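Every number for a ligand or one of its atoms is a count from 1 in the order of the listing. Given the structure is predicted, the values throughout are model-derived calculations rather than measurements.
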Amino acid sequence: MLLRLSSLFVLASASMAIQAASPADTGPLPMPRSGGGWEARQAPGFYRFRLGAFRITALSDGTAPRDVSKIMSNPSAVRESYAAANLALPIEISVNCYLIDTGERRLLVDTGAGELFGPLTGQVVANLRAAGYEPGDIDDVLLTHIHGDHSGGLSIGGQRVFPNATVYVDQRDPALWLSAAAEAKASPGARNTFRQSHQTVDPYVAAGRLKTFDGATQLFPGIRAVPLYGHTPGMSGYFIESEGQRLLLWGDIIHASEVQFRAPGITIDYDVDRAGATATRLRILAEASRRGYLVGGAHLTFPGIGRVRAEKTGFSWVPEPYSVTLGK
Ligand SMILES: [Zn+2]
């Protein structure tokens, strides 16, 4: 009897322990009793690594929470992919920019959302400064495309954020987003993108600091634009190459990594040309997996640096191992 009572007691304590533990497992992290540096935000978001003789700094502009099942072409497949990964929607999608310091020039690939997307984004300048650079240090801004979360950080309050920079973009994007005729034909919902484009790109046009290129173009030594058309008419990637090491900054090839690596045919409502975006995604995923070069993605979880692996079905993402020594 004594034995039975004590085993019941053990069982009861075990179940109480489990019950007591579960709310803490799912609830917010406990606050430190005092101090401890705990604040409402992350530490500055930058991550440095070497690429040959170049220094690359991934800069976080913040995150954009999105229920991607509501803005993608196959909602049930999207929901299933996130559920299978035990991830809840909406999910916070990273907005990443990349600084390339060649030793000769400092180039910024994309600028984040500036003041367009609310307080969770628009962090790129703070993170640039935390990484030891000033906006005035930027010689060139390379836009993968004109969309609020890539070109929005160019200007704040109508003023150029990067006063010494020339902005480069494939001519097909300003031909659409800065065109009064195209804006007049656009649906009311799409007009917002036209307004935002004028708001943030026009100050550089007025200053004579917008330069366009046409397709594949060697812009600077070690820096080459490559057409990735579809998501927007002029979306471009930038191949960064130094001492035989290669990095492709591919803009919006992937918005939802839990879905689009495995099923590249799933598109997002922001694609101007869904079929074109899919064809480009398939082509570049196949090439990146075959050639094994590094990739940086604007919406892959920060710092968004890694490689693509071919799978039996589709592809997968292999994040670059974290390095405290900035790599080789
Ligand atoms: Zn975009």
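- For the Zn ion (ligand 1), the N/O/S atoms of His231 include one lying under 2.8 Å.
- Ring pair His255/His299 is parallel by interplanar angle, where below 30° counts as parallel and above 60° as perpendicular.
- Aromatic ring centroids of Tyr238 and Tyr98 lie 6.0 Å or more apart.
- With a 6.0 Å radius and a threshold of 12 heavy atoms from other residues, nucleotides or ligands, Gln42 has its CD atom at or below the threshold.
- Put simply, Asp149 stays out of reach of the Zn ion (ligand 1), with no N, O or S atom under 2.8 Å from it.
- Here the OG1 atom belonging to Thr111 is positioned 11.5 Å from the CG atom belonging to Leu128, to the nearest 0.5 angstrom.
- The atom of His147 nearest to the Zn ion (ligand 1) is ND1, with the search restricted to N, O or S atoms.
- At least one side-chain heavy atom of Thr212 sits under 4.5 Å from a side-chain heavy atom of Pro174.
- No other N/O/S atom of Asp252 lies as close to the Zn ion (ligand 1) as OD2 does.
- Taking the Zn ion (ligand 1) as reference, the nearest N/O/S atom within His145 carries the name NE2.
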